[in-house]
Every structure is written in C-alpha cells, then in structure tokens.
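Ligands are counted one by one from 1 in listed order, and the atoms in each one are counted from 1 as well.
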Amino acid sequence: MDQSHEQINSKHTIEPHVLMFPIPFQGPVNCFLKLAELLCLSGIHVTFLNTQHIHRPLLRHTEVLSRFSRYPNFRFETIPDGVEHETPVSVDRFLEVMAGVDVVTKPLFREMMVSGRFSWESERPVTVMIPDAYFSFAVDVAKEASVPVICFETVSPCCLWTSYLNLPTLIEAGDVPFKGNDLDELITSIPGTEQIIRRRDLASQCRSTDMSSQSIELIVKEAHAVPEAQGLILNTFEELDSLILKHMRKLCPNIYTIGPLHTLHKAQLTANTNPLQENNFSNSVWKEDRTCMSWLDEHDPKTVLYISIGSLATMTIDQLVEIWYGVINSGTPFLWVRRPGSIIGGYDESQVPDELLARTKEIGCIVEWAPQEDVLAHPAIGGFLTHSGWNSTMESITQGIPMVCWPNFVDQQVNSRFVEEVWKVGVDIKDTCDRLQVEKAVRDIMDSKRNVYTQSANTWANLAKESITKTGSSSIHLARLIDDILAMSLTQP
Ligand code: UDP
C-alpha cells in the first residue's frame, strides 16, 4: 500500500481527498470508519464527517481518536444535527434524527462544501465524496460543487434492490401501498426475486399506507439519487448477492462489492501494519462489556445461542417475555444483549415471571452491549437470534453461524427472507415471537436441523473468506475503488 502512496505523490498535483459522510447511527458509522481506514492505508486523505449527536458517544466509548492518530492523512470533522440526546437514540427517534439532519445539517453541509470549508490546509480540496446513500442530498451537493460522488449503501443490497431502487416502480405498478390485508402475496414485479419476496418481506416502510410520509419520501429520493452517482459501494461479496447484482448493475453499472467489510478490513490491516501493533479496535457507541467472553469460555463448542437486536431495534415487555420463554424452554444456554433503551417503556423486572429469572441465572448471561464480532467468532456460539440488521447478518454469515431471524424494521424484513429462502442459513419468524415458535426455531438451528443449516452456513463462510484473499473479488473491488478515486482526483479542475 505504501507503493500506491508514492504513486499518488508522484502523479498528482491535487492529492486525492475523500470526504466521508455516514448517517448518524452505529452500523453505518462503524462501516464508514472501516472503509476510511482502508483508504488511509492506501495513502488517500480522508475527512470523516460525523454529525455531533453520534460523534459524542463514539468518542466517549472508543479509542478512535488515538487510533486514527496513526494516520496523518485522516481527520474528523463534525457538523450539527439539532439532536440534543447524549446517548444514541432507538428506532422510535430515527425519523426525528433524519428530520434534524434535513433542517439543520443539510443547509450547513451545502454551505461548507460549496465554500471549500472541507479543504485541508486550503491546498487540498475534496476530490471525491463518499456519503451514505441515504443522504441523497449529498449527491445533489456534490453535483453542485462539481465533485465526483460514490454512494456507500450500508443497508443490504437485497433491500436496496427490492424495496428502495424499485420503490418508484412498485408504487407505479400499484403493488405499494398494499391493496387488502394479505401479506403473503408474492411481489412479482421486481426482477430477480419474483418467486421469493412476499409483501411482508419488503422493507418495513413499504407497509405504510401513506405514500407521502417522510420515510417513503426518503427512499424515493434515494432511489433517484443513487443511480446518478459515479459509483455505488456495497458491503457484500459477489457470490452472496449474485441473484440481484446482475439486475442492479443495469441501473448502477459501477458497483464495488467490498464485503464482508469487517473481515476485509481486518485482513488488510494485518497485512499492512506492524505485527506488534494492536488492531482489535471497537467502533461501538455503547460501552462494550467483555466479561461475557470469559462466560463463553466456560461452554462447549457450538452450544450457546447469542441474542441481540442491534443498536436501534426495540421490543415490548410482552415480546421480551415471549422470546425469553421460547429460549429458556429450548434449554439452550444463551448470551443476551439488552441494550439500554431497547425495551419500550423501560425494563420492569416485576413484570417478568420468577421462573424465567431463576432459570436465566443457571443458563444465561445478560449484558448491555457485547463485542459482537468477537462473540460471533467464539467457538461456543452455535446460533444467533437476531433482528437481522445487515451488519449482524454479514457477521454471522462470515462465521458460519445459523440464525433465527426476528426482524424489526427497514432492511431487516428483506434480509431475514434471504437468510431463509436464498442463503438457507436460518429460520425467519418475522411478524411473530410466540414462545412455541421461538422454541422450535431455536431447536431447529441448534439441534434438529443443525446439520442442514450449518452446511450452507459453512459454504457461505468459505466463500466470504475467499472473497477477501489477495485475488478474491472483494479485494479486487477495493483496489478498483482506490484506483478510481485516484483517477477521479486527477481529473479535478
Ligand atoms: N453490535 C455490537 N455489540 C452488540 C450489538 C451489536 O458491537 O452488543 C454491533 C454489531 O456487531 C453490528 C452493529 O452493532 O456491527 C449493528 O448493526 P446492524 O446492521 O446489525 O443493526 P442495526 O444496529 O443497524 O439495526
């Protein structure tokens, strides 16, 4: 990678300078930081723009500042977003955050970009912008400022294709909003998924009856903006999404598949840094509780169920108790992440039957936030009861861990369908969390159908490993992304 840095310096009068702009939530910020580090390793200058609301907890709970101080070509910038909360918000405030971005961040961002505020020491203007695809306004601003833009989509490609890029078509065809109540009706108008996606498997926003709502408006804007960008970065690998990538490329020809990003990042960091250097860092906006790792050490291989609903999803106390009963009745030891704020109305132990609490002391471990990548890599983990967030899904697939999917919102509805129907690595129990169903699904992945799920999970895990080798598809796509950033920077006026 040092070599490409030299190339940059010898060829360029204007040095490549990427402005990265994630949406202010745990998953996207984590992915953007990993990609930022990969770009820094290749010698590209990176300005990482966080909104203030997410930057505060990131600094509080991680070592990002000291870690990125290794890279003189990296710097953080922050921008106000009008959100006052000191802790990261849950999904109920998602639209509030996006509204704050719309009112406060968007005009400031435009002003900062057009006035050249992001130029580094004034002689280093931004040469390429990489915003989250959800920030469609950033594509408009980039065009206005004549800066090439490459969108980074941090939701899953299957969601992007079925429910975002195709949403205008679905609305035009009268498929969305749904007519009648049959959620099991197949959606046949999306190329590639005609026999797979039912109404209930589209992104949660598609269940809305109000096509002028803020959430629908955000997707429609994104559907128009993404194909206008010079490129699209996806956290997947070619084999995993071959079903839809060929269709997506007709609309967005320049796609970079650089996933699984977390393992590609780890592999490149190991290959390009001093072997004595500590590379196992967290980008968590909650404090990680690592005590669960020693609890896992006490268990036999593949015997523990890991349970987490990610950084935004929530559940009611009734849903918590149903899932809890299902897991306890399956007899499976479990490690459960209960993020502060994830129980709607707060967690009240008096509403939990004593028998659940007593049995949990025997076979369970509960933490507020776990080092998830390390947890999923631990030999004791045999299954993952997940909300099917895209990062969690990729992290599980990479480790060959079968899943029980209980999706909550956005892309999770689509991901869980793909987990069951396309990749065949788990059970989708969307729209229910009845204790009997949870128990059966957990027994299926941990025991009765374990061999079937593990076989396909291992196949995908091996393909994921293959994709990040030196000659693997994701490494090649990352190298092409870096080359293209250099080329785009050369053509700057
Ligand atoms: N995560 C973590 N510790 C936890 C729970 C989640 O580090 O206790 C991380 C997880 O590894 C993943 C991210 O948080 O990278 C969650 O992203 P995902 O896309 O799965 O779901 P979201 O939080 O965006 O709904």
Side-chain angles (χ1 to χ4, degrees), residues 22-35 54 57-58 61-62 64 87-94 97-98 132-134 152-160 203-205 234-236 259-266 280-293 295-296 305-315 334-342 365-378 381 384-399 401 403 405-416 418-419 426:
I23 55 170
F25 302 100
Q26 169 72 82
V29 168
N30 185 18
C31 288
F32 267 72
L33 282 169
K34 286 179 171 159
L35 179 58
I54 200 73
L58 182 69
H61 298 305
T62 69
V64 279
T87 50
V89 297
S90 292
V91 65
D92 54 329
R93 303 193 107 124
F94 183 89
V97 173
M98 294 309 283
D132 192 295
Y134 218 54
F152 185 3
E153 179 55 83
T154 51
V155 304
S156 62
C158 55
C159 171
L160 175 67
S204 57
Q205 297 97 320
L234 298 175
N235 183 10
T236 186
L261 180 55
H262 66 292
T263 50
L264 180 64
H265 170 258
K266 201 169 261 178
N280 198 11
F281 292 110
S282 150
N283 294 327
S284 282
V285 297
W286 282 273
K287 190 167 168 42
E288 285 179 352
D289 182 346
R290 295 198 67 91
T291 57
C292 58
M293 299 306 288
W295 183 86
L296 286 175
L305 179 73
Y306 173 58
I307 309 170
S308 163
I309 58 167
S311 64
L312 288 162
T314 53
M315 60 171 79
F334 60 89
L335 165 60
W336 195 328
V337 174
R338 302 258 179 91
R339 191 188 81 244
S342 62
C365 171
I366 297 175
V367 294
E368 290 195 343
W369 193 254
Q372 181 166 303
E373 283 178 35
D374 294 344
V375 165
L376 287 170
H378 194 286
I381 296 294
F384 185 9
L385 196 163
T386 170
H387 70 307
S388 298
W390 184 233
N391 293 297
S392 298
T393 305
M394 280 300 272
E395 289 159 16
S396 204
I397 284 176
T398 309
Q399 293 297 340
I401 306 286
M403 288 168 261
C405 304
W406 184 61
N408 213 265
F409 65 95
V410 188
D411 62 339
Q412 300 156 19
Q413 317 291 340
V414 196
N415 305 343
S416 54
F418 267 56
V419 163

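- Residues L33 and V64 are in side-chain contact: their nearest non-hydrogen atoms beyond the backbone lie under 4.5 Å apart.
- Qualifying side-chain hydrogen bond (donor to acceptor under 3.5 Å, both in side chains) partners for Y134, counting only residues two or more places apart in sequence or in other chains: none.
- Remark: N235 pairs with no residue by the side-chain hydrogen bond (donor to acceptor under 3.5 Å, both in side chains) rule, at least two apart or across chains.
- Ligand 1 lies under 4.0 Å from heavy atoms of Q26, N30, S284, Y306, S308, G310, S311, L312, V337, W369, A370, Q372, H387, G389, W390, N391, S392, E395, Q412.
- Ring orientation note: the planes of F94 and F25 are close to parallel, at an angle under 30° on the 30°/60° scale.
- Contact annotation: the side chain of I401 approaches that of I381 to within less than 4.5 Å [non-hydrogen atoms, C-beta and beyond].
- With sequence neighbours excluded, the residues forming a side chain to side chain contact (heavy atoms under 4.5 Å, CB included) with S308 are Y306, V337, Q372, F384, listed by chain and number.
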